[in-house]
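Remember, predicted model here, so these are calculated numbers, not experimental data. Proteins come first, then strands; the chains are lettered A, B, ... in the order of their sequence lines, and each starts at number 1.
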2 protein chains.
Amino acid sequence: MPSIRTRTTAARRAPAGRKAAISRDDIITAALKLVGPHRSVSTLSLREVAREAGIAPNSFYRHFHDIDELAIALIDLAGRSLRQIIGAARQRATTERSVVRSSVETFMEQLGADEKLLHILLREGTVGSDAFKQAVERELQFFENELCADLIRLAEANGTGLYEPALTAKAITRLVFAIGATAMDLPRERHAEITEQLAVMVRMIVVGTQTMAQNRAIRP
Amino acid sequence: MPSIRTRTTAARRAPAGRKAAISRDDIITAALKLVGPHRSVSTLSLREVAREAGIAPNSFYRHFHDIDELAIALIDLAGRSLRQIIGAARQRATTERSVVRSSVETFMEQLGADEKLLHILLREGTVGSDAFKQAVERELQFFENELCADLIRLAEANGTGLYEPALTAKAITRLVFAIGATAMDLPRERHAEITEQLAVMVRMIVVGTQTMAQNRAIRP
DNA sequence: CGACTGTCTATACAACTGTATATTAATGAC
DNA sequence: GTCATTAATATACAGTTGTATAGACAGTCG
């Protein structure tokens with residue numbers, strides 16, 4: 001039966017035992033070593049990750065309740081990282097045309113680099129548990145929101161209209177991720193070609209939304 | 001050492017043994033019972049399918065060399081089935097606007113019906129072996145080609161231009177499948193809403209490609 | 001009628017999985 | 001130094017998987 005003094009000086013959860021020899025991040029790093037173009041997060045086993053991290057299988061539970069919790073952590077990490085990269089690229093571009101171009105190009109560059117993070121985001125959206133898919137969905141929504149704000153900003157700056165900005169952003173985001181997912185498995189020589197195609201496709205959506213806005217303005 | 005008479009009367013592979021008690025299709029049917037919104041083809045195990053089909057695990061090998069071969073058969077089946085359904089819907093529609101509408105609506109209807117086939121196509125595109133992904137890619141290409149032909153036909157009939165028909169078809173196909181994949185996990189009440197959104201998105205692409213074609217025609 | 005041939009089943013095995021239990025080792029508080 | 005607390009481990013267990021091997025059954029042909 002614990003004494004009253006169980007409550008330590010520090011208000012919440014004072015570490016009164018052995019120092020942790022391995023951290024959550026170490027496990028995440030180990031998991032990242034295992035995933036790749038031919039290995040999806042959802043097929044990782046607890047034991048496999050533990051082996052790669054050099055710890056006993058059971059030690060995994062000290063840091064993650066589930067293997068799914070690990071997967072969600074990976075997805076969050078991937079989303080945050082990619083949003084930062086794309087965001088930086090977008091801020092460098094000012095005109096609308098170059099925003100499309102530079103975003104698409106940066107996206108495809110990340111695909112070329114063997115950054116596992118993007119692969120995770122692209123591939124794991126359709127498999128795994130519900131919590132799993134919701135995590136990917138959440139990241140995509142972040143992208144949509146940022147893109148939506150950017151589209152509105154540019155439309156105002158350039159005086160072009162915008163039909164349903166939120167839908168436009170959604171269409172662009174989903175299309176880019178879908179095409180990116182297929183490009184992932186293709187040899188790198190074809191990436192340039194796909195970048196061109198992707199830019200044209202996005203252009204279609206942008207021109208479409210502008211034209212539809214104009215037509216609505218003309219005959220309300 | 002086999003005698004020369006091993007070659008039977010029938011030129012190729014005469015069935016001279018026990019009649020097959022179970023067929024490839026029976027196994028495919030069993031596998032279809034197992035997949036669904038929360039179960040992907042790539043996670044099916046050989047034993048599981050055999051159990052569902054009521055046969056011994058080893059009997060599986062008589063009909064499929066791999067579990068991957070089964071998966072590819074499922075993908076092919078799903079692709080053929082869906083193409084037929086959508087194709088029929090498209091033939092019923094004549095004007096361009098109704099082609100977009102009815103195709104999208106038929107697509108979403110299929111999603112609502114608990115047809116496992118569409119689920120397979122939507123979900124398995126990004127996971128599994130290479131042969132696996134190629135099978136899905138092949139089916140998507142079929143859709144693209146048929147849609148492309150339809151777009152050209154309609155553009156000529158209506159006198160509207162078309163900027164890069166193949167790219168337009170690709171953009172539409174990928175977008176519809178991407179949105180469909182996310183809709184799959186949502187409650188059915190929201191399907192109507194998503195159908196509307198999807199129709200607008202596709203409209204954006206169509207209007208975009210037409211406008212771009214016009215602009216190209218004006219200043220060549 | 002045999003004999004053959006192909007289909008299917010039974011049994012078995014090694015590898016792997018997630019997790020339960022008990023044990024050891026390290027750290028900070030007293 | 002002692003002791004409680006906690007991290008990490010070792011061992012173990014039941015379940016699953018894919019597949020190898022060998023045998024049992026049912027048709028067909030000579």
Do you see a donor-acceptor pair shorter than 3.5 Å between the side chains of [X] and [Y]?
{"X": "A:Glu124", "Y": "A:Ser42", "result": "yes"}
{"X": "A:Asp26", "Y": "A:Ser23", "result": "yes"}
{"X": "B:Thr173", "Y": "B:Glu144", "result": "no"}

Quick check: closest heavy atoms across [X] and [Y], and the distance to 0.1 Å?
{"X": "B:Leu122", "Y": "B:Phe107", "result": "CD2-CZ, 4.1 Å"}
{"X": "B:Met204", "Y": "A:Glu164", "result": "CE-O, 4.1 Å"}
{"X": "A:Glu48", "Y": "A:Leu34", "result": "O-CD1, 3.9 Å"}

Pairs under 3.5 angstrom only: tabulate donor-acceptor contacts from the side chains of residues 78-93 of chain B to other protein residues two or more places apart or in another chain.
unit_1: B:Arg83; atom_1: NH2; unit_2: B:Glu139; atom_2: OE1; d: 2.7
unit_1: B:Arg90; atom_1: NE; unit_2: B:Asp150; atom_2: OD2; d: 2.9

Where along residues 60-73 of chain B does a heavy atom fall under 4.0 Å from DNA chain C?
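The answer is B:Arg62, B:His63.
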- Where along residues 27-52 of chain B does a heavy atom fall under 4.0 Å from DNA chain C?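 Per residue number, the list reads B:Arg47.
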What side-chain donor-acceptor pairs closer than 3.5 Å can you find for residues 54-73 of chain A, not counting sequence neighbours?
unit_1: A:His63; atom_1: NE2; unit_2: A:Ile22; atom_2: O; d: 3.4
unit_1: A:Asp68; atom_1: OD2; unit_2: A:Ser129; atom_2: OG; d: 2.8
unit_1: A:Glu69; atom_1: OE1; unit_2: A:His65; atom_2: N; d: 3.3

Has the side chain of A:Thr209 got a donor or acceptor atom that lies under 3.5 Å from a matching backbone atom of A:Pro165?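 No; judged by distance alone, with no hydrogens or angles, the pair does not exist.
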>> Let's test your reading of the model: under 3.5 Å, does the base of C:dT21 pair with the side chain of A:Asn58 as donor and acceptor?
In response: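 Such a pair is found, so the answer is yes.
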Quick check on D:dA7: is either OP1 or OP2 less than 4.0 Å from any side-chain nitrogen or oxygen of A:Ser59?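 A:Ser59 to D:dA7 OP1/OP2: no side-chain N or O under 4.0 Å.
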Legend entry - Set of side-chain hydrogen bond (donor to acceptor under 3.5 Å, both in side chains) partners for A:Thr43, sequence neighbours left out: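 With neighbours one apart ignored, the set is A:Arg39.
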For nucleotides 23-26 of chain C, give me every protein contact, N/O to N/O, under 3.5 Å, one pair per line with atom names.
none

